[in-house]
Protein chains: 2
Amino acid sequence: MKKIAAIGAGNIGIMAAKALELSPDMELCGFIRREIRPVHGFENIPVAKSVFDLPEKPDGAMICLPSRLAETAEAELLENGIFTADVFDIHEELIGMREHLSESAEKGKVSAVIGAGWDPGLDSAIRALMSAALPQGTTFTDFGPGMSMGHSAAVRAVEGVADAVSFTLPLGYGRHRRKIYAVLEENADKYAVEHEILSDGYFEHDECPIEFLPSVKELFSTGHCAKINRFGNACGIGGNRLSFKISGDNPALTGQLLVLAMRAAFLQKPGAYFVPEIPPRDFCAGDDWMKFI
Amino acid sequence: MKKIAAIGAGNIGIMAAKALELSPDMELCGFIRREIRPVHGFENIPVAKSVFDLPEKPDGAMICLPSRLAETAEAELLENGIFTADVFDIHEELIGMREHLSESAEKGKVSAVIGAGWDPGLDSAIRALMSAALPQGTTFTDFGPGMSMGHSAAVRAVEGVADAVSFTLPLGYGRHRRKIYAVLEENADKYAVEHEILSDGYFEHDECPIEFLPSVKELFSTGHCAKINRFGNACGIGGNRLSFKISGDNPALTGQLLVLAMRAAFLQKPGAYFVPEIPPRDFCAGDDWMKFI
């Protein structure tokens with residue numbers, strides 16, 4: 001039974017902890033958070049500011065932090081011989097991150113499975129299989145409608161923003177519109193806030209109207225959706241279509257995928273890996289996958 | 001550039017040969033067939049009765065034979081140091097086949113990727129990923145409507161059958177009906193033919209009406225379709241759905257998937273593997289998969 005720490009006790013940390021409770025091969029041995037206080041629903045689980053302060057050193061650590069805090073935390077864990085998994089979601093930075101974390105992983109003689117949420121992550125493996133099956137063709141990924149956790153967190157991190165949600169609205173065949181609802185802090189400069197949000201890499205590619213409201217609590221809903229379509233030729237012959245759809249609770253699916261990535265990390269040679277580099281069976285508990293051949 | 005032989009020059013052999021022509025990393029070096037005569041459209045490709053009679057020994061061999069002739073042929077190739085891939089499609093026999101071919105592969109210090117068509121094959125990898133992502137849940141696979149190549153070949157192999165096609169008709173949520181159209185040979189015993197078809201493992205699980213016709217040529221069409229649905233819990237939370245759909249030309253998709261499996265075989269340690277045991281990236285030519293992270 002592998003002992004796993006959750007680095008962070010937000011939405012994803014708590015969801016991943018729930019998934020570990022249902023997992024036959026791993027168990028939660030601690031939460032890492034800034035303040036040492038018990039996590040609601042997990043009062044018997046040790047809490048510390050660092051994995052090195054936990055009663056026992058974990059075998060693995062799930063990175064449940066906002067994407068931008070992930071890499072530094074993860075590198076330190078890997079260098080100290082702790083396997084890791086993350087759901088880092090900034091596509092443009094993935095290649096560089098893998099290079100950096102591969103070095104850390106080799107130093108610590110452990111492995112990391114990175115960018116392992118919905119997308120990048122499960123969707124990346126599906127797209128790789130689709131592009132192999134139809135080597136001449138076109139792939140479109142459409143997200144939503146749904147609240148994006150990464151984008152919402154990015155808006156909340158802007159100075160002057162008290163609360164925010166960001167919805168992803170599909171326009172079809174790979175184009176999207178965002179819609180941000182934000183609550184300003186008292187005395188915040190609305191135009192400075194708008195400017196900072198819109199110049200963020202998370203938002204600069206899409207149309208992105210912002211509406212300021214007194215509260216966004218009633219808009220908060222965690223369902224999300226993604227569709228992948230590929231049309232193309234097999235053996236040079238057209239008329240072939242592949243489609244994949246995933247819909248459900250975003251934190252629950254992301255937390256679950258993080259736990260799968262943690263499981264798979266233990267089975268890889270030292271290094272940092274993307275989901276398409278991992279055999280699907282490595283994400284499954286025991287020989288469950290054999291039932292599905 | 002890996003040199004590949006096609007064992008068989010039927011539908012799948014010819015399609016796989018076309019896919020190799022479009023593949024940047026492998027090339028066709030020969031067809032193996034019972035009669036030594038050129039293959040239409042591939043007149044410049046050597047033809048022999050055995051791979052050992054080809055001008056050069058191939059690095060790999062794609063098994064393009066009816067499923068029941070695959071295992072023996074494949075074992076001999078593996079023992080002689082030739083990597084293999086097949087699209088064997090009898091689910092019940094897969095585990096035993098992997099055990100047998102793993103021994104042959106280890107003896108020859110090569111690898112085989114087996115059961116690597118639509119289903120088992122691509123669908124198996126999708127089902128493994130789905131079952132991992134929603135560890136509590138139910139998976140349904142629906143095939144068709146479309147002509148099954150394996151089932152049609154099984155009917156044609158029955159003594160007294162001159163020609164036949166077998167259609168797979170989905171009844172929804174994993175249940176199917178078959179419909180066989182067959183042409184009897186002169187003097188064939190209709191009841192003996194019916195009995196032999198229906199007692200075949202290919203057909204014994206499903207309702208399977210047989211209609212005898214003077215010709216089935218006008219019923220022959222190669223499109224097919226499969227849908228996989230999984231409903232279930234992630235982190236113990238319900239409301240999550242995953243679906244995958246594949247539709248297109250059956251021989252073209254099967255031939256293409258066979259070529260991918262051949263590519264992946266060269267990247268595995270000695271042994272025989274199912275598709276869910278292979279990283280998706282190994283099916284892709286070069287670093288193409290990186291574009292789809």
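Numbered from 1 within each chain, the chains take letters A, B, ... in sequence-line order.
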Test item: A/Ile237 and B/Gln256 side chains (from C-beta on) under 4.5 Å apart, heavy atoms = no
Within a reach of under 6.0 Å around CD of A/Glu99, are more than 12 heavy atoms found that belong to other residues, nucleotides or ligands?
-> no
So, the part of B/Ile228 with a heavy atom under 4.5 Å from chain A: the answer is neither
Greater than 12 external heavy atoms within 6.0 Å of A/Arg241's CZ = no
Under a 4.5 Å cut-off applied to non-hydrogen side-chain atoms, are A/Pro280 and B/Pro280 in contact?
-> yes
Do the non-hydrogen side-chain atoms of B/Ile293 and A/Val275 ever get within less than 4.5 Å of each other?
-> no
For B/Leu260, is it the side chain, the backbone, both, or neither that has a heavy atom closer than 4.5 Å to a heavy atom of chain A?
-> side chain
If every non-hydrogen atom of A/Cys235 is compared with every non-hydrogen atom of B/Ala19, which pair is closest and at what distance?
-> SG-CB, 3.6 Å
Portion of B/Ile95 that has a non-hydrogen atom of chain A nearer than 4.5 angstrom = side chain
Work out which heavy atom in A/Ala128 is nearest to a heavy atom in B/Phe292; give both atom names and the distance.
-> N-CB, 4.4 Å
Where on B/Phe283 is there a heavy atom nearer than 4.5 Å to chain A: the side chain, the backbone, both, or neither?
-> both
Do the side chains of A/Phe244 and B/Leu242 get nearer than 4.5 Å, heavy atoms only?
-> yes
Is it true that a side-chain atom of A/Asn240 and a backbone atom of B/Asp249 form a donor plus acceptor pair closer than 3.5 Å?
-> yes
Contacting region of B/Leu122 [heavy-atom separation from chain A under 4.5 Å] | side chain
How about A/Leu22 and B/Asn233: do any of their side-chain heavy atoms sit closer than 4.5 Å?
-> no
Measure distances from B/Arg230 to the heavy atoms of chain A and classify the residue's part below 4.5 Å as side chain, backbone, both or neither.
-> side chain
Proximity breakdown for B/Asp282 and chain A, heavy-atom pairs closer than 4.5 Å | neither
